[in-house]
Structure formats: C-alpha cells, structure tokens
Amino acid sequence: MLAVFILAKIAMRYWLMKSEPDEVSIDDALAAPDQTVAWTGVRNYQARNFMRDVMQIGDGVLFYHSSCPQPGIAGLAEVASTPYPDETQFDPHSPYYDPKATRESPRWMLVDVRAVRKTRLVPLAEMRAAPALEGMQVLQKGSRLSITPVTKCEWNYILKRML
DNA sequence: GCCAACGTTGGC
DNA sequence: GCCAACGTTGGC
C-alpha cells in the first residue's frame, strides 16, 4: 500500500483547464453540489485523451476563464473522478451532441472537476509577462487546446507568486 | 467583428 | 495519404 501511495504521488500531475465563465465559472463550480462539475463539451481528441488516459483523481487544476472580458486563471480545482462518457454527446438538443457517438461506443469522455477555491484573477497578460512561465503550453503561439499540462515548476510558481 | 492558427473533413 | 476547404478557438 505504501508503494502504491508513493507511485500515486510521483504520478501527480497538474493541468490548466479552460472554461467560458458564461457557461461554467469558478463561482458556478463552487456553488455546485460537492463543488463538483462534469467537464462537459470537450470535442477535441487531444484534450479528451488527457481526461480519458492521463488524468488521475487528485491532480491539480488551474481553473481558467476564457472567451471573456478578462481571460485568466480564476481559481484552483482538482480532478475528482475517473473518466466516464460525456452525456451531452447523446443529447440531440445539446450543442455538444455528436450523432456519431453511441452509448455502446461513446466518443467523448470526461472527468469531474471539484473547485477548491477562487483566487485573485491572474490575467493572461500577467502570465505572458512572467519569464518563469514562458514555456507554459497554454501560452505557446497558436495554442488552442482547452486542457493543457502544467509542470510542477509552473504550478508552484503560480501558486506561490501569483495567487 | 477581425483574424491568426489550428483541427477536421472529405474528395481524389 | 495528400491537401484544400471549411469550421472553431480565443485573444484583441
């Protein structure tokens, strides 16, 4: 059991997950039952694969607000479930409906995300201005992925210096 | 609303 | 497998 615990700690990962606050803001997530929301609507294979194949319960999450007046990190969260099918892919009335997905072979998987706390807003411009963060995947030119890995260094820097 | 950049689709 | 056309993302 100790070995399992140590391996789990070693495998601990960090992520940045984008959400449009008009849809789900950090406040919405904090107000949800158990402060937990299903991360619906991801329709990009790379982002899906992170949720389906790589994320583990307890992984740290930077909750990022995108497509809004003040884009930036708005809170801290954590991965709160193992992967399971995104229900919205089966709903013809959902904007995330995928006619090619079936319950027998779902195409889109998600995880639950539990909001831990709101932070001061760390604006995108401030992140770009920080030399320590210049390697962050989400800041790379042309990056559009809504879920990106964050290194332990980047995570620590953001927590200690920016939040 | 603009537009750069990227991802997906589908004809060949 | 190539690649042009199209759709989407997301900051500004």
Side-chain angles (χ1 to χ4, degrees), chain A residues 13-32 36-55 59-80 83-151 153-155 157-159 161-163:
Chain A
R13 292 172 193 271
Y14 306 95
W15 306 93
L16 182 144
M17 300 178 78
K18 296 180 186 174
S19 182
E20 299 187 16
D22 285 351
E23 296 198 13
V24 182
S25 69
I26 183 70
D27 290 320
D28 295 333
L30 284 167
T36 298
V37 291
W39 208 260
T40 56
V42 169
R43 294 296 180 266
N44 169 283
Y45 289 104
Q46 208 175 338
R48 177 204 67 181
N49 292 349
F50 283 142
M51 292 197 285
R52 189 189 63 184
D53 305 332
V54 190
M55 282 184 174
D59 282 1
V61 173
L62 300 172
F63 196 113
Y64 180 94
H65 284 174
S66 71
S67 297
C68 59
Q70 282 199 296
I73 296 166
L76 297 180
E78 63 186 12
V79 174
Y84 63 96
D86 181 342
E87 273 299 311
T88 63
Q89 72 192 299
F90 307 124
D91 176 5
H93 302 297
S94 167
Y96 301 120
Y97 177 60
D98 183 346
K100 292 179 181 170
T102 64
R103 291 196 178 272
E104 294 71 33
S105 110
R107 176 178 294 201
W108 304 108
M109 305 289 280
L110 53 66
V111 297
D112 288 341
V113 173
R114 177 179 299 119
V116 173
R117 69 179 179 95
K118 194 172 181 175
T119 63
R120 81 171 173 93
L121 187 100
V122 180
L124 177 61
E126 183 175 340
M127 295 165 65
R128 289 200 187 283
L133 301 181
E134 68 182 4
M136 264 189 102
Q137 190 165 327
V138 74
L139 301 182
Q140 300 314 298
K141 181 183 166 85
S143 168
R144 296 189 323 183
L145 258 191
S146 64
I147 299 176
T148 49
V150 172
T151 68
C153 278
E154 292 158 354
W155 173 268
Y157 181 88
I158 289 169
L159 259 64
R161 309 274 305 273
M162 305 182 84
L163 298 183

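Nothing here was measured: the structure is a model prediction, and the numbers come from that model. Numbered from 1 within each chain, the chains take letters A, B, ... in sequence-line order. Hydrogens, waters and symmetry mates are skipped; everything else that's a heavy atom, side chains included, is used.
- The stretch residues 129-142 of chain A comes close to DNA chain B through A:K141, A:G142, each having a heavy atom under 4.0 Å from the strand.
- Using a 4.0 Å cut-off between a side-chain N of Lys or Arg and a carboxylate O of Asp or Glu, A:D98 and A:R43 do not qualify as a salt bridge.
- Proximity of the aromatic rings of A:Y45 and A:W108 is defined here by a centroid distance below 6.0 angstrom, and this criterion is met.
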Per-nucleotide protein contact along nucleotides 7-12 of chain C, 5' to 3', at a 4.0 Å heavy-atom cut-off (B base, S sugar-phosphate only, - neither), is BBBBSS
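- Contact check for A:E78 versus A:D59: no side-chain heavy atoms found under the 4.5 Å cut-off.
- For A:Y84 and A:W39, the distance between ring centers is not under 6.0 angstrom.
- Proximity of A:F90 to A:P85: side-chain heavy atoms (C-beta onward) are separated by under 4.5 Å at one or more points.
- You'll find the side chain of A:V122 reaches within 4.5 Å of the side chain of A:M127, heavy atoms only.
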Donor-acceptor pairs are to be reported for all side-chain atoms of residues 133-143 of chain A against protein atoms at under 3.5 Å, with residues two or more places apart or in another chain.
unit_1 : atom_1 : unit_2 : atom_2 : d
A:Q140 : NE2    : A:E134 : O      : 2.9
A:Q140 : NE2    : A:G135 : O      : 3.4
A:Q140 : NE2    : A:M136 : O      : 2.7
A:S143 : OG     : A:Q137 : O      : 3.3

